[in-house]
Number of protein chains: 2
Amino acid sequence: MAKRSDSHGRLDDAARAGWLYYVAGRTQDEIAAAMGISRQSAQRLVSLAVAERLIKVRLDHPIAACLELGEGLRAKYGLRQVEVVPSDPAAGSTTVGLAEAGAAEIERWLKRSDPIVLAVGTGRTLKAAVDQLSPMECPQHRIVSLTGNIGPDGSAAYYNVIFSMADAIKSRHFPMPLPVLCSSAEERDTLHDQALVRSTLALGAQADVTFVGIGELGPEGPLCIDGFLAKDEMMTLVEGGAAGEICGWMFDHDGKLLSGSINDRVASVPIPSSDASCVIGLAQGRRKLKAIAAALKGRLINGLITDEATAEQLLRG
Amino acid sequence: MAKRSDSHGRLDDAARAGWLYYVAGRTQDEIAAAMGISRQSAQRLVSLAVAERLIKVRLDHPIAACLELGEGLRAKYGLRQVEVVPSDPAAGSTTVGLAEAGAAEIERWLKRSDPIVLAVGTGRTLKAAVDQLSPMECPQHRIVSLTGNIGPDGSAAYYNVIFSMADAIKSRHFPMPLPVLCSSAEERDTLHDQALVRSTLALGAQADVTFVGIGELGPEGPLCIDGFLAKDEMMTLVEGGAAGEICGWMFDHDGKLLSGSINDRVASVPIPSSDASCVIGLAQGRRKLKAIAAALKGRLINGLITDEATAEQLLRG
DNA sequence: TTTGCTCATGGGCAATTACTCACCTTCACC
DNA sequence: GGTGAAGGTGAGTAATTGCCCATGAGCAAA
């Protein structure tokens, strides 16, 4: 008998057990009884079928591709948190936009009962996400802005998101009463030395989780559009190897922060270390591709929320 | 938040949970943590994904088709036990023949520690199966033959299998010291009235499991080949609506035993009732198709061991 | 024949999963 | 604004599953 079982191959039995378990939905006890073996042996056959890749599981849902892409990105860049949303709303019922996905992730953090420090950057994408937040009561948390809220002309910077966030989330908020960009490194240092600013800077440094937008450079990038940088300054930066920016901090194609250049004048809190905390970027679109890839490569962020098409391109590159 | 979750659809969440569970191999606890929900909710989403057929499981093994066919036969004929073996040995490594599969099933019963009565019919297929049995010690069981072992010319009927079985299985065996076919109903009744035969008949009636071959009729059928019936007798039977035989018992296309005809002269033990016990037929091949279908239809058997091609045809018809 | 190795097996136990039961929210209808 | 059905939630609990270990069979080398 043993001889015959062997010649038929253990894999055949594994296939049979796997079929009974996964397709027919029997329990391992039933399989054991049907095959005349012990429950443990049935369990071994089932796990053998899985280990030998006899069992193929497929998910019939548009979101499946997104999850695959997310897993790919997680593996490729060592990310802690990935969310890929479907690109084409018409493709299925899952028209979760980037903004909604970002809001969901923010809410996931805010729902925690233990107090956390949540830091936010700036940008249109992030603003859209924050606008999707549902009202919540979160007295235990603190929310801090990484970027100044004064625009280049002295008015409020529209895409500073912390005030939008304050509308929805009842929590302690800490804006940065600074411009985004100072006129000089000295001015930046002076401003940062104010007591109020120093405490906010310290708070930002200890953020448990940070949500940031990722800005592309070039004359159509947000820094130019919003008037923070003139086009010729921008072109100089790009020619100098800049690939993108987060909270105004410029980085090259390897995700290394540029030394000198305008980074000396950026008033933003330094981007929290992605070794110690979660730094989640929200970005999507072909134009941002190089910036996102660089930020991932340099581990400036360890979490990403993007869309399907962008995820594909990131994995391809 | 609730609103957004709803608009995204519960199915999306179910798909995500199902993917994480089945594809990514996470536990439900991990899924719950990742999705920010309770473990119970994660469990519900996973089972929802299964219930909604979002999760498709496929078995990459030649045996998968056989199992599908077996399930189909089980459903169609209300069978207790089905085994379908691959038809084409070249198709894969699983060249389990009918004989080996039958032997495996017999051994499965004999391996039981509680005492059982196992009855066997006759036929080439069954003989081949019994010849595949490995030696076993089964003092607790009793094995009884349903058919006589004396051929039409007085010699031992070759395809009576109980002696082959006795070679491999150490157990108490009860052959039937009778011809297969008597010359008249009266002779049959007289023979059956012998004390020794009566006890064997009684034993056969209480069989826990019965293995039988299924014979097709016609001039090429085993009854003619082995000389039990002349060709003209056979033709008369076929024209009278006979579709097949089990242990010599003739039945029509609905699986009803024919009254009169040669059934009056059959010396075999009546086929045990398939209501109370397992009656497993071994048969395969296009020529036997009508006989098998009739036996199944009439519930003469409630178990079947056959091959892939035959199973397909049975399901088609 | 003995020794040492590999591997399948079943028992036992901890982790994981499925199910049931109240309770709660939502929504449609009155 | 009340009211009941539908469906979701968490707690508790039973069932199921995964894994470790000791055991013994089979087999090749010494």
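Model, not experiment: these values are computed from the prediction. In the text below, chain A, chain B and the rest are named by the order of the sequence lines, each starting its count at 1.
Between S38(A) and dT9(C), a side-chain N or O to OP1/OP2 separation shorter than 4.0 Å is absent.
Test V130(A), I143(A), I169(A) against I162(A) for side-chain contact (heavy atoms from CB on, under 4.5 Å) and you get one pass: I143(A).
Atom-to-atom, CG of L45(B) to P of dG10(D) comes out at 11 Å; the value is rounded to the nearest Å. The separation between I31(B) atom CD1 and dT16(C) atom P is 12 Å, rounded to whole Å. When the P atom of dT9(D) is taken as reference, atom CE of M35(B) falls 11 Å away, rounded to whole Å.
A distance of 12.0 Å separates OG1 in T125(A) from NZ in K127(A), rounded to the nearest 0.5 Å. To the nearest 0.5 Å, the span separating SG on C278(A) from CG on N302(A) amounts to 5.0 Å.
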For nucleotides 13-19 of chain D, read 5' to 3', which letter fits each nucleotide if B means a protein heavy atom sits under 4.0 Å from the base, S means only the sugar-phosphate is that close, and - means neither? ---SBB-
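A donor-acceptor contact shorter than 3.5 Å links the side chain of T306(B) to the backbone of A283(B). Under the 3.5 Å distance criterion, the side-chain polar atoms of R74(A) are matched with a main-chain donor or acceptor of R80(A).
When every heavy atom of S164(B) is checked against every heavy atom of D131(B), the shortest pair comes out as CB-OD1, 3.8 Å.
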